[in-house]
Amino acid sequence: MKRVHLLYITLCLFFPFLSSASSLAEVRGKVIDASTHNPLSGATIYITDLKAYTTTNNQGEFILRNIPSKGKFLLEVRFVGYKTHSEAIDLSGQSNLTISLYPSIIESAEVVITGSPFSSKNKTNSLSVVTIAKTNLLQSGGSNLVDAISKVPGVSQVSTGGAISKPIIRGLGYNRVLTMVDGAREESQQWGDEHGIEVDQFAAARVEILKGPASLLYGSDALGGVINVIDDLVPAPGVHNGTFNSTYSTNNGLAASSLMLQGNDDGFVYRGRASYKNAYGFGYKNTTVPNSGFNELNFNGMIGLNKSWGYSHLTFSRFHTNVGLVEEGPDQNGNYLNEDGDVITQSEARERKLNLPYQDITHYRTALNSNFILGQGQLKTVFAYQSNIRKEFEESLQEPGLDLNLKSYTYDVKYNFPNLGQWQPAIGVQGMYQNNINRGDEFLIPDYTSNNIGAFAYLKRSFTKGAINAGLRYDYKKMNGEALNFEGEEIFTGFDNKFSNLSGSMGFAFEIAKELVIKGNIGSGFRAPNIAELASNGRHEGTFRYEIGNSNLKQETSMQFDLGLEYTGENISFGLNAYANRIFNYIYAGNFNGETKPFENEDGSIDVLPIYRYVQTNADLLGGEASVDFHLIKSLHFENSFSYTKGINRATDQPLPFIPAASINNEVRFEPSIKGLEDSYIKVGVTNTFKQARFDNFETQTNGYTLLDAGIGTSIATKKGSFNIWVTGQNLLNKVYYNHLSRYKPVGIYNPGRNITFGIAVPFL
């Protein structure tokens, strides 16, 4: 199997050189104001499917170089204060373009790449996709990437302090939400409660969030949605630049910095980035949680070619983090105690050196992402290798207890056929081979291998005012777990499981009135059980429970109905989305009948842990999101959103576990025009989270709470680019509260209190 993956990669590496004889082409054009016909200087022009990018000069003119001389592609044009423009262009018959932009107070994100085999206008995408731009990610004040997107309606997080966050989309998370990085699926032991996303937060140029089943295009593990982390497009030919970002947060002393350099030498493109984070324990109510700090050191880069045959980019990264784990909550007086029973002081809790227990995680990723232009069609390929090394040190600083080594080989090959009039057909095949090995003396999951493959066919029909799409997919997955006897005790029983599924999707998007779009989609999802659900047998630090898997679990399948209504007017925009998702053989872990198990520590002490067993039921997830943005004057924005999810265990008619509480977010944003400055803003936001009174029998009720946030920032234009500076305040009233999805809630540890983040972004070169 490994040789097959290596052959794929080798062929892909050499293909560009076999194709390099194609003729070069360029697209010229001009961007003007639709009303005054004045040229617009500094507008940005993209062809995402070619990773081509440029900007207009002082006369509003632009040139896109090193692109194919044939093929149809979606061109996108953006300029601050104007409505985003997108149109399909045929490069074989293209000469000079004149693009007229219309002034608009409303910002828009027209083109998305998630949920479709090719770039498409969001208005014609039947699935619900939300885009978060880099500026918003940086200015959110989030301590990690998932934290930064958690206010998107329908998105929440399972948090373990300030270091670890796992995305939840419409009540589904863990292996039901797929994270994409560098075009490849993230594989980093996502089954774990305290296993976060191993992604450099500074590397994200934008994040696209697909809400709903996406198994058609992404296979198993996309039953609940997709988080697609997208890096910057390469600069225009002849351009070399860089950015230095730095932030500091007061709550946990988080100091984070990142340095990036990139360039384009006549189609040879490159990018390099180094990032570092360091934080001590987070705090609340004049209390600092000891050993809840973390540090990160990340390196990533890219080299590639943008030529007439398309592009081929090789990305590589090393993500490394150490995360402290909290063993116990505070005592009845709210104090944290050390092993000797003494109170840990504030100064001791704020030491940046981590104590036992802690995680040491290293994640290596390399991916070859290409798009070859074959006649009027496109062959898109992604071949990736990942190595996830996860160690947990519990009793010794030298020898880890848990030591998991996961190697993953993935491939994704799609062919977009030449358009047949307004019909856009595509086919694809995807697969993954995994091998996981235990190297420590603590065993939570067995050694295993996993091999899966899936193939799909997709068809989209575009109309003047909308589009319809449909597709089918078949998946097959095989997983083998190895038996293990350790010191005379059977830890794991071997198993050999096979899963297969046929998935489908149909959807539409139609403009029923000017700027009013209705969307609908019916799609089935598929997820094979993960290794923890099938075979876990043990406890590791930070889980506060003993888990027992079930090798007889069946695969999950789902059927979800989505209906949405979106309007983007001159001064107001709104969106309404409702969904109903039925999941068959829904897998979850519960503490049934109050089962417990004594667990002996190495020092001879005994912990009595609740036993959580994995079981299955049929389940319903119902809910919706709503957003209304008012822009009554150009400089004043009033943005509001609401989200709600209800989970039902159909066997017992009781709530499902780990369902986020309903919430309302309101934000007023004032953007004054200040001479010599750009993009200035002042914002004040209020988050109202309702009481979660629907909970499973092993959970407890979570009271509602209100948080106050605020921020201020501006940009200074320089010859190198814009120098940005901002300050973001979170939980400014220092509210003491529990989030229902906080993993520290059961042991009495509150969520973080007041936090103020200072940030700068400095361009150079």
Side-chain angles (χ1 to χ4, degrees), residues 1-2 174-175 187-195 325 356-357 359-363 386-396 398-409 432-452 477-499 528-555 587 589 591 595-604 606-616:
M1 179 59 66
K2 292 181 180 180
Y174 294 78
N175 284 86
E187 289 298 325
S188 58
Q189 313 276 15
Q190 293 96 321
W191 48 266
D193 287 294
E194 77 286 11
H195 300 174
L325 298 174
L356 295 173
Q359 292 181 346
D360 181 284
I361 304 162
T362 306
H363 190 84
Q386 296 173 71
S387 175
N388 186 265
I389 304 168
R390 183 177 296 274
K391 301 178 181 181
E392 292 187 2
F393 294 83
E394 302 168 21
E395 305 295 336
S396 168
Q398 288 74 40
E399 296 295 330
L402 190 72
D403 188 352
L404 296 174
N405 292 256
L406 175 65
K407 298 186 185 300
S408 304
Y409 306 82
M432 176 173 65
Y433 173 79
Q434 289 185 308
N435 176 250
N436 191 85
I437 297 175
N438 284 281
R439 299 190 185 277
D441 57 9
E442 180 183 333
F443 308 99
L444 181 64
I445 59 172
D447 294 352
Y448 73 92
T449 59
S450 175
N451 197 356
N452 62 274
K477 182 170 184 175
K478 181 178 180 181
M479 183 176 287
N480 301 314
E482 297 185 13
L484 175 66
N485 289 278
F486 184 71
E487 296 181 350
E489 179 184 359
E490 183 182 64
I491 307 297
F492 302 111
T493 302
F495 65 89
D496 184 357
N497 289 359
K498 300 178 179 66
F499 308 94
N530 64 45
I531 187 63
E533 295 164 340
L534 290 170
S536 60
N537 184 20
R539 160 266 174 110
H540 61 141
E541 297 299 332
T543 61
F544 307 110
R545 68 194 198 188
Y546 193 99
E547 296 182 359
I548 298 178
N550 179 359
S551 61
N552 294 317
L553 292 174
K554 300 176 182 179
Q555 67 200 39
I587 302 169
N591 175 231
E595 285 185 287
T596 60
K597 180 180 179 67
F599 187 88
E600 184 176 357
N601 300 308
E602 291 193 6
D603 61 3
I606 301 295
D607 287 336
V608 178
L609 301 175
I611 294 177
Y612 279 66
R613 297 181 182 273
Y614 285 98
V615 297
Q616 291 189 287

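- Contact record, P400 with F393: N-CE2, 3.5 Å, taken as the closest heavy-atom pair.
- Here the closest non-hydrogen pair linking E547 and Y614 is OE1-OH, 3.3 Å.
- Side-chain contact check for E194 versus E392: some heavy-atom pair is nearer than 4.5 Å.
- For the pair E394 and L402, the tightest heavy-atom approach, listed with the atom from each and the gap, is OE2-N, 4.4 Å.
- Among all heavy-atom pairs drawn from N175 and Q190, the shortest one is OD1-C, 3.7 Å.
- Atoms CG and CD, on L444 and Q189 in that order, are 9.5 Å from each other to the nearest 0.5 Å.
- Using modelled atom types and a 3.5 Å distance limit, the side chains of N435 and Y448 yield no donor-acceptor pair.
- Within the model, atoms OG of S450 and CG of N436 stand 10.5 Å from one another, a figure rounded to the nearest 0.5 Å.
- In this structure, CG in L609 is found 9.5 Å from NZ in K597, a value given to the nearest 0.5 Å.
- Considering only residues two or more places apart in sequence or on other chains, K478 meets the side-chain contact (heavy atoms from CB on, under 4.5 Å) condition with Y476, N480, D496, K498.
- Of all heavy-atom pairs spanning N438 and P446, the tightest one is ND2-C, 3.6 Å.
- Contact record, K554 with F499: C-CE2, 4.4 Å, taken as the closest heavy-atom pair.
- Between the side chain of E533 and the main chain of N530, a donor-acceptor pair closer than 3.5 Å is present.
- Ring pair Y433/Y409 is tilted by interplanar angle, where 30° to 60° counts as tilted.
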